[in-house]
Amino acid sequence: MAVLRNDSRIILHLDYDCFYASVFEVEQPALRSLPLAVQQKQIVVTCNYEARRRGLHKLQLIKDAKRICPDVVIVLGEDLTKFRNASKELYLLVRSLVWGGRVEKLGFDELFLDVTEMIDYNISVLNPNDLTNSFFHLDRKDPTIGTAYDATHFQGSTFPVTEGSPVPTDLSSLEMRLLVASHLQGHIRSKLEHQIGFTATGGISTSKLLAKLVGSVHKPNGQTTLLPPYQSTLENESNVHRFLDEHEIRKIPGIGSRMAQKLRAHITGQEDSDAKVTVRDVRLFPGMGPPLLDKILSGLGSAKGIGTKMWSVLHGVDNSEILQGRDVPTQISIEDSYGRLDTFEAVRRELVTLSRSLIRRMRADLLDNETPPGRWRAHPRTLRLSTRPRLPPGSETGRTYHSNRISRSAPLPAFIFHLDENMDALAERLVQESVLSMFRRLHPEKSGWNLSLLNIAVTNIVESAGDQKQSSGRDIGKMFQQQETVLRDWTVQEQEPEAPVDVLPPDSEQAESDDWEDDEPLASLDCTLCGCPVPLFAHEAHMMYHSVPE
DNA sequence: CTGGCCGAG
DNA sequence: GCTTCTCGGCCAG
């Protein structure tokens, strides 16, 4: 089973250093020199590097942190608003630098960038006679925009570490493209630091998988490029394998605790093994390949084609695209956890508080900022309530793993889009008319429940008809760019005459489509008062609804 | 579409 | 021992 390697893209990964802590440091620079920990409930969710030097770490109990470092400064970070805002500001800066806006956000503190076009353009304008005084062009049209750099060495670190760093001879080689990319990465990190105040750690390679993994080699405030060769030959193992093979499987993005557990169990032959199992151990295990991986990981819940995907990942092959951020999220949720929540009145009060926050977030994230009236750019259709019952004290043994959240959903009542009403009244009404009935479906017993968590969410968010999806379809050509530099790695056996890739099977997905009702979408207009899309036939009734005095 | 699982930070 | 507050993808039913 040959694994195809596609190294035509250049991908950067950025990870802001201890992001939550940095947000407070930017706000209050005096904190930078002090040990700083960010608290949510009873734990330290993250801390700055001064605190780590003194023995603190992520996900540590507050009381342990105070015992180990009595002078630690603790700030409360349960409200994520400022983190969300800082994340967005950083994202917008990076996006403004990258051609085609090819930037994907992962959580609040990580980005993937596809900079292939920028790099190939800058390779094409290099002067081979004076590489030391090169200029990185950030703009195709205005040649004055950009930054000077020395194209005879990598910026930052490399894996593996090089001694005398010889200059790549072939300007179009992968090595030269990565070298140029390392300077772009340095420029971006420097902008983030000097314009906004955040240091970041960077990785440079040809896929999300490798860029992210190699970036973590020099933390914080460093960057690392994974050097070619990326393909093994008969005499030489590729740097991809040298790098990847030593990683414990759990460290590989996409392999979570469940998958790691199953892989370890299969490799060691023990039900519950905590032995260190590396990528190499799995990759070279007798009989290993996509079919066996499918079998090992097929346990309910695993995605289809998981074996093939995992087999690729174990070889450092990851063709997943950098997906442009949507302008609306697919869901918005608010949650809080509790030490004890067992009376109806307490539950009701918390649900109102959560609902108020949810409505505030809907307004912040889904409302148009432009025109003073403010129109809804998107409408969630579903409301979901989740709870996590506290596990009974007797059931200790960790044999049972699952997130133990349960949920119910219902249509989202249209009145929450009403902008004239204040949020307290809307939250009150939402709880009364919708959330409480979901709660009763979740917990039919009158009492006796003991909840450790409440979560309320709007999901199934659809964009408003009139809303322009800006710049979503650009660069279709990029999606078909692919083969080109596709080389064969891992030449165990000659491959069978390969069926032409990228050709659709004769009659795939084609028929079937015409027994669908061709539902003509109902003509509708957005209500000018609340922004809801309302079918024409319902306008009159809808406006009467607005005229009902509360 | 719903409810749950898995994985990400 | 598995904690916080999210978000997205995927699956069977």
Side-chain angles (χ1 to χ4, degrees), chain A residues 13-20 37-47 57-65 76-84 87 104-112 201 208-209 212 216 249-262 297-306 309-310 313 320 323 325-326 328-339 354 357-358 361 365 381-388 390-391 396-398 400-412 438 441-442 452-462:
Chain A
H13 177 256
L14 278 167
D15 186 337
Y16 315 133
D17 300 321
C18 49
F19 180 59
Y20 284 9
V38 180
Q39 172 179 206
Q40 285 174 342
K41 295 298 181 308
Q42 80 278 33
I43 64 173
V44 172
V45 287
T46 195
C47 56
H57 54 84
K58 293 179 179 180
L59 304 185
Q60 189 171 37
L61 288 172
I62 287 287
K63 62 178 170 72
D64 293 341
L76 201 60
E78 290 169 18
D79 182 344
L80 306 187
T81 307
K82 65 169 82 167
F83 308 135
R84 199 145 37 218
S87 176
E104 177 177 341
K105 219 154 142 358
L106 179 57
F108 285 164
D109 69 337
E110 290 185 37
L111 300 176
F112 292 101
T201 292
K208 294 206 270 187
L209 172 73
K212 175 171 172 134
S216 62
I249 49 173
R250 181 60 240 270
K251 296 282 182 52
I252 304 304
I255 302 183
S257 52
R258 307 297 310 286
M259 283 190 185
Q261 214 175 325
K262 289 178 166 185
L297 301 174
S298 69
L300 278 71
S302 295
K304 239 173 29 185
I306 188 71
K309 195 189 158 208
M310 280 293 321
V313 164
S320 59
L323 307 170
R326 306 186 181 84
V328 296
T330 66
Q331 60 164 316
I332 299 173
S333 75
I334 299 286
E335 70 184 42
D336 204 348
S337 54
Y338 308 90
L354 292 171
S357 299
L358 185 65
R361 276 261 271 134
D365 295 359
R381 293 225 265 241
T382 309
L383 184 65
R384 185 183 63 213
L385 175 68
S386 308
T387 66
R388 186 179 61 198
R390 190 172 314 284
L391 341 94
E396 72 283 349
T397 61
T400 168
Y401 10 63
H402 56 312
S403 76
N404 57 32
R405 281 151 100 113
I406 52 179
S407 69
R408 295 293 179 269
S409 26
L412 180 66
M438 282 187 281
R441 281 202 280 146
L442 276 171
S452 63
L453 176 135
L454 293 176
N455 174 300
I456 182 161
V458 288
T459 67
N460 203 354
I461 301 178
V462 299

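Labels below follow one simple rule: chain letters A, B, ... track the order of the sequence lines, proteins then strands, and each chain is numbered from 1. Being a predicted model, the structure only gives us computed values, none of them experimental. Only this structure's heavy atoms are used, side chains among them; waters, hydrogens and symmetry mates stay out.
Rounded to an integer number of Å, the gap from A:K63 NZ to C:dT3 C1' is 12 Å. Between the C1' atom of C:dT4 and the CD1 atom of A:I43 lies a distance of 4 Å, rounded to the nearest Å. Counting to the nearest Å, the P atom of B:dG9 and the NZ atom of A:K208 are 12 Å from each other. Here the P atom of nucleotide B:dG4 and the CG atom of A:L453 are 14 Å apart, to the nearest Å. The CG atom of A:D17 sits 15 Å away from the P atom of B:dG9 (whole-angstrom rounding). Computed from coordinates, the A:Q40 CD to B:dG9 P distance equals 16 Å when rounded to whole Å. When the C1' atom of C:dG1 is taken as reference, atom CZ of A:R390 falls 15 Å away, rounded to whole Å. Computed from coordinates, the A:L111 CG to B:dA8 P distance equals 18 Å when rounded to whole Å.
Comparing atom distances between the A:R408 side chain and each of C:dT4, B:dA8, B:dG4 picks out B:dG4 as nearest. Distance from the side chain of A:S409 is smallest for B:dT2 among the nucleotides B:dT2, B:dG4, C:dT4. Relative to the side chain of A:E110, the nucleotides B:dG4, C:dT3, B:dG9 differ in distance, and B:dG9 lies closest. Side-chain proximity of A:L59 to the nucleotides C:dT6, B:dG9, C:dT3 is greatest for C:dT3. The listed nucleotides are C:dT4, B:dG4, B:dG9; the one nearest the side chain of A:K41 is C:dT4. For A:R84, the side-chain atoms get nearest to C:dC7 when compared with the rest of C:dT4, C:dC7, C:dG9.
Residues forming a salt bridge (charged side-chain N to carboxylate O under 4.0 Å, His left out) with A:K212 (at least two apart in sequence, or on another chain): A:E110. Considering only residues two or more places apart in sequence or on other chains, A:Q40 meets the side-chain contact (heavy atoms from CB on, under 4.5 Å) condition with A:Y20, A:V45, A:E78, A:L80.
A close approach under 4.0 Å does occur between a side-chain nitrogen or oxygen of A:R361 and OP1 or OP2 of C:dC7. At the phosphate of B:dG4, neither OP1 nor OP2 sits under 4.0 Å from any side-chain N or O atom of A:R384. A sub-4.0 Å separation between OP1 or OP2 of B:dG9 and a side-chain N or O of A:K105 is absent. Close to B:dT2, at under 4.0 Å from its OP1 or OP2, lies no side-chain N or O of A:R381. OP1 and OP2 of B:dG3 both lie 4.0 Å or more from every side-chain N or O belonging to A:S386. For C:dC2, neither phosphate oxygen OP1 nor OP2 lies less than 4.0 angstrom from any side-chain nitrogen or oxygen of A:S257. Contact check, A:R250 against B:dA8: a side-chain N or O comes under 4.0 Å of OP1 or OP2.
Across all strands, A:G256 comes closer than 4.0 Å only to sugar-phosphate atoms, never to a base (heavy-atom distances). A:Q60 comes within contact range of no nucleotide atom at all, as no heavy-atom separation falls under 4.0 Å. In this structure, A:G254 reaches the sugar-phosphate backbone alone: every heavy-atom distance under 4.0 Å involves primed, P, OP1 or OP2 atoms, never a base. No engagement by A:K58 is indicated, since no non-hydrogen atom pair under 4.0 Å with the nucleic acid exists. Residue A:L323 is out of contact with every strand shown, counting any heavy-atom pair closer than 4.0 Å.
Side chain of A:R388 to backbone of A:N455: no donor-acceptor contact under 3.5 angstrom is found. With hydrogens and angles disregarded, a donor-acceptor distance shorter than 3.5 Å links the side chain of A:R390 to the backbone of A:G339.
Around the CZ atom of A:R441, the shell of radius 6.0 Å holds more than 12 heavy atoms that belong to other residues, nucleotides or ligands. A 6.0 Å sphere centred on NZ of A:K41 holds more than 12 heavy atoms belonging to other residues, nucleotides or ligands.
Closest approach of A:I461 to A:P329, counting heavy atoms only: CD1-O, 3.5 Å.
Contacts between residues 330-339 of chain A and DNA chain C, defined by a heavy-atom separation under 4.0 Å, are made by A:T330, A:Q331, A:I332, A:S333, A:I334, A:E335, A:D336, A:S337.
For the residue pair A:S216/A:K251, the side-chain donor-acceptor check at 3.5 Å is not satisfied.
If you take CG on A:D365 and CZ on A:R84, they are separated by 6.0 Å, rounding to the nearest 0.5 Å.
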